[in-house]
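Take a look at the structure below.
Heavy atoms only: backbone and side chains are in, while hydrogens, waters and symmetry mates are out. The model shown is predicted, which means the values in this text are computed figures rather than measured ones.
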Amino acid sequence: MARRTREVTRVKSRLSEAGNDKVSGSTRKAVVTVGLIFVASLSALFYVYMSFPELEEDEKKHMKLPLHIEDAKNLGKLLERYKDLYYFQVLAGLFITYIFLQTFAIPGSIFLSILSGFLFRFPIALLLVCTCSAIGATLCYLLSSLLGRRLLYRYFPEKANEWTITVTKHRDNLLNYMLFLRMTPLLPNWFINLASPVIGVPMMPFTIGTFFGVAPPSFVAIQAGQTLHKLTSSSDAWSWNSIIILCIFALFSLLPVLYKQKLKKKFE
């Protein structure tokens, strides 16, 4: 117990030093690097758009990132028309766009999850969403390693300190806790992506936990996509049944941790 208290104290000390890091040169370098990555990502999106078959004038207005359910419906109808002839172009477009949104924590990925369920068979849609979420979150993790420390401790110091102490206490069970966080709305995904490298979550449990942790909520969104034309908002995808199922999955993800703690107490 005393050893854990000392470890938590050391973590708090490191956090204080990190929060007071004001080396302007390194900050400018990080900002420039992230900016260049953003420009390169935009270029990739533009290339995907330009490689798509030429659209009719009335179709071009629907070829944009969906910001609400009506955008998703119009984009879904458009892509459905071209999917049979340009299957891999449509798939690659969704893939790159999804990763872009996840990497830079831009809202809208929920609509792409719903679109995936509308356009593709369920196994393909689920694999697509889980893979894109894991890749995009990992890229966001790497960007946060460059710049996130300064942003996190400037705008969310108390939450960052609190979660860091929790990570230190449960370092042996980070994969299970990552699964739990991805399945529940306790913390927004963008905050998890931004905070994880700063507070010491290793990349491997972060990526694996993201891939499998987003599967249950993605299941709900993809299933809703099969009735896209009936939705009036993204919240229509959720029901009490789906929320209860997600809670059950989240509790199951913590069972190994509870069992391990029970065994540990038994042999102490």
Side-chain angles (χ1 to χ4, degrees), residues 34 37-52 62-80 82-83 86-144 178-179 181-183 185 188-194 196 203 206-226 228 231 233-235 237-238:
V34 172
I37 293 172
F38 183 77
V39 171
S41 301
L42 277 180
S43 301
L45 275 181
F46 183 72
Y47 174 77
V48 169
Y49 177 81
M50 294 303 295
S51 63
F52 204 75
H62 300 311
M63 194 66 169
K64 60 181 180 180
L65 292 176
L67 300 179
H68 48 75
I69 198 65
E70 288 303 320
D71 285 348
K73 286 182 180 181
N74 293 327
L75 182 58
K77 293 175 184 176
L78 173 61
L79 296 179
E80 177 69 17
Y82 288 89
K83 187 188 68 173
Y86 303 97
Y87 183 87
F88 289 104
Q89 286 92 329
V90 172
L91 183 64
L94 272 179
F95 183 83
I96 293 174
T97 305
Y98 204 117
I99 290 176
F100 175 80
L101 296 181
Q102 289 283 309
T103 300
F104 297 101
I106 300 173
S109 58
I110 179 62
F111 298 113
L112 295 188
S113 298
I114 294 173
L115 270 179
S116 300
F118 176 72
L119 294 170
F120 305 109
R121 291 185 296 111
F122 185 87
I124 295 175
L126 185 61
L127 180 61
L128 174 69
V129 172
C130 291
T131 302
C132 290
S133 296
I135 294 175
T138 302
L139 292 175
C140 187
Y141 176 106
L142 294 174
L143 291 181
S144 179
M178 188 59 62
L179 289 170
L181 288 174
R182 292 299 189 186
M183 293 178 193
N189 281 329
W190 64 265
F191 180 81
I192 298 173
N193 298 342
L194 181 66
S196 293
M203 185 183 292
F206 174 84
T207 302
I208 296 175
T210 299
F211 181 88
F212 290 103
V214 299
S218 298
F219 181 98
V220 176
I222 292 169
Q223 195 173 42
Q226 296 173 357
L228 176 61
L231 300 181
S233 72
S234 59
S235 61
W238 301 92

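Ser133 places a side-chain N or O within 3.5 Å of a backbone atom of Val129 that can act as its donor or acceptor partner.
Ile135 is listed as a side-chain neighbour of Phe95, based on a closest heavy-atom distance under 4.5 Å. With contacts defined as side-chain heavy-atom distances shorter than 4.5 Å, the pair Thr138/Met203 qualifies. Proximity of Met178 to Ile208: side-chain heavy atoms (C-beta onward) are nowhere separated by under 4.5 Å. Considering only heavy atoms from C-beta on, Phe104 stays 4.5 Å or farther from Trp190 through its side chain. A 4.5 Å side-chain heavy-atom check between Leu128 and Leu91 finds at least one atom pair inside the cut-off. Side chains of Ile37 and Leu139 form no contact here, defined as non-hydrogen atoms less than 4.5 Å apart. Within the 4.5 Å cutoff, the side chain of Leu94 has heavy atoms near those of the Leu119 side chain.
By the neighbour-count criterion of 12 heavy atoms within 6.0 Å, atom CZ of Phe212 is sparsely surrounded, having that number or fewer from other residues, nucleotides or ligands.
Using a 4.0 Å cut-off between a side-chain N of Lys or Arg and a carboxylate O of Asp or Glu, Lys73 and Glu70 qualify as a salt bridge.
In this structure, CD1 in Ile192 is found 12.5 Å from OG in Ser144, a value given to the nearest 0.5 Å.
Taking the six-membered ring where the residue is Trp, Phe120 and Tyr87 present perpendicular rings, their angle passing 60° and hence far from 30°.
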